[in-house]
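Start at 1 and go down the list; that is how both ligands and their atoms are numbered.
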Amino acid sequence: MKNILVTGGAGFIGSAFVRYMVETYPEYNIIVLDKMTYAGNIDNLLPVHDEPNYRFEKGDIADEQTVERVFLEHHIDTVVNFAAESHVDRSILNPHAFVQTDVVGVYILLEACRKLGVQRFHHVSTDEVYGSIPKGFFKEGDPLEPNSPYAASKAGGELMVRAYWVTYGLHTTVTRGSNTFGPYQYPEKVAPFFITEAIDNRPLPLYGDGMQVRDWLYVDDHCKAIDVVLHRGEAGEIYNVGGENERHNIDVTKLILQYLGKSESLIKHVADRPGHDRRYALTNDKLRADFDWAPSTHFETALQATVTWYVKNEWWWRKLKSGEYLEYYKKQYAERLANAD
Ligand code: NAD
Ligand code: TDX
């Protein structure tokens with residue numbers, strides 16, 4: 001492993017992984033390929049901009065010519081695929097881009113590996129491929145029952161990864177991470193959305209009763225788990241990456257307000273997300289048993305640090321809340337908030 005292509009490396013988790021890898025492994029070259037959709041942000045990569053082992057390429061993983069050119073020019077031997085349309089609510093409004101990137105894009109990357117002899121492919125997937133679980137914990141062999149167009153697209157991409165291992169012997173690995181939070185997360189996902197809205201004393205649209213459960217994973221822990229699987233994961237294997245931090249949405253929302261010193265009256269219960277998964281929960285038993293890996297972050301400490309980061313870095317998020325973002329906000333929330341309890 002020497003020349004690692006990180007697709008989607010200008011997004012939230014991808015950029016954290018790039019910053020981590022560039023610093024941790026100066027002997028590797030880290031090449032980012034990113035289409036720079038609304039979620040891609042070059043500011044996320046400013047900390048590594050001048051590092052000699054970092055390169056950036058703008059391009060679409062679903063574009064065969066671009067992918068092949070980048071593979072050849074940078075002598076790519078390893079791919080870590082973060083590139084995706086990643087927001088469930090946007091997939092409900094418009095699924096097309098999700099199928100295009102999260103299924104077709106993954107196929108194009110895999111096919112380029114086959115054609116050009118790239119041996120190693122790590123795919124970043126999600127706990128959402130399992131669907132919802134009322135009690136207990138999903139393990140890697142459980143059936144996939146994705147419920148949103150986003151989750152279904154991620155499941156489709158993952159199954160194509162599996163086929164390239166079984167059929168062509170490509171050394172693939174997959175991680176299924178849980179809800180990830182931390183600095184540099186685009187302010188559409190619930191944590192950064194609610195933090196930045198609350199800073200401006202704006203209403204926080206909590207879907208339904210707010211009693212849905214998510215398992216929160218700090219972004220640094222997610223990156224470290226991917227590093228471990230990239231280096232030590234067995235070909236064809238899938239690994240859950242859970243945060244071991246189950247929280248009801250309403251409790252996370254109240255913590256955010258508490259850290260900001262804001263009133264709970266900002267919470268507005270609004271119409272639920274269609275097909276809303278009630279609970280996600282994963283077991284990390286396989287990662288623990290195989291690699292002695294476990295998340296190392298204390299949830300409340302990390303959430304408070306994340307809130308502080310958004311308070312101190314308005315330069316980063318304020319400019320994102322304009323143009324297309326406002327159009328999306330209107331479509332997603334205007335009617336919901338007008339009819340809020
Ligand atoms: P993000 O939306 O912040 O970033 C996605 C990045 O991919 C952006 O930089 C975007 O420009 C890029 N991209 C989109 N389409 C592309 C294309 N066709 N070609 C090249 N680049 C493209 O997403 P994120 O939250 O950082 O998630 C990264 C990965 O992790 C995704 O695959 C997602 O499914 C997965 N994941 C996310 C979470 C989470 O809680 N955020 C949890 C588990 C798994
Ligand atoms: O405005 C909101 N109000 C609200 O109540 C938003 C944006 C979300 N929510 C709820 C829905 C979920 O139960 O908060 C919870 C978290 O929502 P999101 O941040 O949209 O995340 P989720 O749908 O759980 O999916 C996330 O975790 C798995 C990521 O977006 C995915 O990319 C990842 O695969």
Side-chain angles (χ1 to χ4, degrees), residues 6-18 32-42 44-45 57-63 66-67 80-92 97-98 100-102 104-106 108-109 123-129 132 146-148 150-151 153-154 157-158 175-182 184-194 197 203-217 219 222 226 241-243 247-250 252-253 267-273 276-280 282 329 332-333 336-337:
V6 180
T7 65
F12 164 50
I13 312 173
S15 68
F17 184 74
V18 169
V32 169
L33 173 63
D34 199 295
K35 187 179 176 183
M36 303 307 278
T37 67
Y38 75 93
N41 187 344
I42 206 68
N44 299 359
L45 293 165
E57 292 272 1
K58 183 174 178 207
D60 187 344
I61 60 161
D63 183 74
T66 302
V67 169
V80 183
N81 179 38
F82 289 88
E85 288 293 335
S86 70
H87 192 38
V88 172
D89 289 325
R90 288 185 189 253
S91 84
I92 294 168
F98 289 75
Q100 181 59 22
T101 292
D102 302 7
V104 178
V106 177
I108 296 285
L109 286 174
H123 183 65
V124 180
S125 190
T126 167
D127 58 1
E128 301 205 13
V129 297
S132 191
N147 293 317
S148 69
Y150 162 71
S153 304
K154 290 296 291 186
E158 241 198 62
T175 43
R176 292 182 181 147
S178 62
N179 276 65
T180 306
F181 71 103
Y184 299 99
Q185 185 171 27
Y186 189 82
E188 65 185 353
K189 307 284 163 56
V190 76
F193 177 49
F194 280 8
E197 292 293 276
L204 309 187
L206 192 63
Y207 296 151
D209 61 4
M211 291 301 285
Q212 304 83 2
V213 172
R214 294 294 183 267
D215 171 21
W216 292 96
L217 173 67
V219 63
H222 197 159
I226 293 170
V241 186
R247 293 289 189 283
H248 291 109
N249 288 343
I250 185 130
V252 175
T253 307
I267 299 174
K268 302 292 170 208
H269 287 271
V270 299
D272 210 346
R273 173 187 281 177
H276 198 169
D277 286 332
R278 196 72 181 162
R279 175 170 175 262
Y280 297 139
L282 298 174
Y329 178 92
Q332 185 61 24
Y333 297 111
R336 277 191 164 89
L337 281 168

Residue list, salt bridge (Lys or Arg N to Asp or Glu O under 4.0 Å) with R214, at least two apart or on another chain: none

H222-ligand 1 polar pair, N/O distance under 3.5 Å: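 In this structure, H222 places no N or O atom under 3.5 Å from an N or O of ligand 1.
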
Of the choices [options], which has the non-hydrogen atom that lies closest to [atom]?
atom: atom 7 (C) of ligand 2; options: Y333, F181, F194; answer: Y333
atom: atom 37 (C) of ligand 1; options: T126, I13, T180; answer: I13
atom: atom 26 (C) of ligand 2; options: R247, R90, K189, E128; answer: E128

Need the ligand 1 atom indices (1-based, order shown) with element for anything under 4.0 Å from a heavy-atom of [X].
X: D60; result: 17 (C), 18 (N), 19 (N)
X: A83; result: 7 (O), 20 (C), 21 (N), 22 (C)
X: Y150; result: 33 (C), 34 (O)
X: F82; result: 28 (C), 29 (C), 31 (C), 32 (O)

Which residue supplies the protein heavy atom nearest to [atom], what is that atom called, and how far is it?
atom: atom 16 (C) of ligand 2; result: V190 CG1, 3.6 Å
atom: atom 17 (O) of ligand 2; result: R273 NH2, 3.8 Å
atom: atom 12 (C) of ligand 2; result: H276 NE2, 3.4 Å
atom: atom 21 (O) of ligand 2; result: N179 ND2, 3.4 Å

Would you please determine whether [X] falls within less than 4.0 Å of ligand 1 on a heavy-atom basis?
X: A16; result: no
X: G105; result: no
X: T7; result: no

Partners passing side chain to side chain contact (heavy atoms under 4.5 Å, CB included) against A39 (at least two apart in sequence or in another chain):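 A39 satisfies side chain to side chain contact (heavy atoms under 4.5 Å, CB included) with T37 only.
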
Distance-only side-chain donor-acceptor flag, S86 / K189, under 3.5 Å: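 The answer is yes; a qualifying pair exists.
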
Ligand 2 contact by E188, heavy-atom criterion under 4.0 angstrom: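 Contact present.
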
Close side-chain approach of Y333 to E197, heavy-atom, < 4.5 Å: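 No - every pair of side-chain heavy atoms lies 4.5 Å or more apart.
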
